[in-house]
Amino acid sequence: MKHHIGEHKAKKGLIRIEFDEENGIAEHVKITGDFFMHPEEAVHELEKKLEGHRIEELEHLIDEFFAMRLDVEMPYVNVEDFKIALKKAIKG
């Protein structure tokens with residue numbers, strides 16, 4: 001099992017994506033940092049959406065999540081910031 005960690009400093013806040021990789025599948029996905037997201041449970045919903053999927057599908061799943069959840073507010077942080085943190089985690 002490989003452990004991945006990726007961090008990205010957004011305009012206002014740090015985004016950290018951490019997960020384990022088992023046979024190309026993301027497990028134990030954690031998204032933390034000092035960014036603001038409302039509603040707060042959206043972070044946990046995004047973690048669950050990424051859980052159990054192939055590594056190469058994760059970026060698309062992030063796009064899909066935010067396209068469906070138009071109620072999510074993230075001042076000074078955008079979808080690209082999450083994708084950058086993810087890419088850094090995958091490379092790491």
Side-chain angles (χ1 to χ4, degrees):
M1 182 177 302
K2 184 175 181 194
H3 190 69
H4 295 268
I5 300 173
E7 293 182 340
H8 172 64
K9 183 79 173 123
K11 193 172 183 181
K12 289 271 176 140
L14 179 79
I15 298 171
R16 178 183 173 110
I17 297 181
E18 204 169 333
F19 61 91
D20 293 324
E21 177 186 348
E22 183 74 49
N23 299 320
I25 305 292
E27 298 177 356
H28 312 115
V29 179
K30 277 288 186 228
I31 300 171
T32 58
D34 59 359
F35 60 94
F36 175 78
M37 184 185 281
H38 184 81
E40 289 179 28
E41 62 271 10
V43 174
H44 303 297
E45 290 170 25
L46 178 56
E47 290 171 344
K48 285 188 178 93
K49 184 167 182 74
L50 301 177
E51 192 91 23
H53 288 277
R54 298 200 58 73
I55 302 296
E56 54 271 8
E57 297 174 327
L58 300 182
E59 189 175 344
H60 172 72
L61 290 168
I62 289 174
D63 280 331
E64 199 175 83
F65 177 82
F66 286 110
M68 301 294 289
R69 290 296 306 268
L70 300 176
D71 64 319
V72 173
E73 296 175 29
M74 304 180 297
Y76 306 106
V77 176
N78 62 42
V79 179
E80 285 304 310
D81 293 318
F82 284 88
K83 289 165 46 176
I84 291 168
L86 172 69
K87 287 176 190 171
K88 287 181 177 180
I90 292 170
K91 281 184 194 166

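It should be emphasised that the depicted structure is a prediction, and the values quoted were computed from it without experimental measurement.
- Residue pairs meeting the side chain to side chain donor-acceptor pair (under 3.5 Å) criterion with at least one member in residues 25-41, sequence neighbours excluded: D20-H28.
- Taking 4.0 Å as the cut-off between side-chain N and carboxylate O, D63 and K83 count as a salt-bridged pair.
- Atom CD of E21 is separated from atom NZ of K2 by 6.5 Å, given to the nearest 0.5 angstrom.
- K9 NZ: more than 12 foreign heavy atoms inside a 6.0 Å radius.
- Think of M74 as one node in a network of Ile, Leu, Val, Met, Phe, Trp and Tyr side chains linked at under 4.5 Å; its network also takes in I15, I17, F19, V29, I31, F35, M37, V43, L46, L50, I55, L58, L61, I62, F65, F66, V72, V77, V79, F82, L86, I90.
- Within a 6.0 Å radius of CE in M68, no more than 12 heavy atoms belonging to other residues, nucleotides or ligands are found.
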| task | Applying side-chain contact (heavy atoms from CB on, under 4.5 Å), run through E18 and H3 and close with a yes or a no. | result | CA-CA 7 Å; E18 204 169 333; H3 190 69; 2.9 Å; yes

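- Inter-residue side-chain proximity for P39 and E45 is flagged as unmet; no heavy-atom pair is nearer than 4.5 Å.
- To the nearest 0.5 Å, atom CD of residue E57 and atom CD of residue E64 are 10.0 Å apart.
- Applying the 6.0 Å contact sphere to CG of D71 captures more than 12 heavy atoms from other residues, nucleotides or ligands.
- In this structure, the salt bridge (Lys or Arg N to Asp or Glu O under 4.0 Å) partners of K87, at least two apart in sequence or on a different chain, are E59.
- Side-chain N or O atoms of H8 include none that pairs as donor or acceptor with a backbone N or O of A85 at under 3.5 Å.
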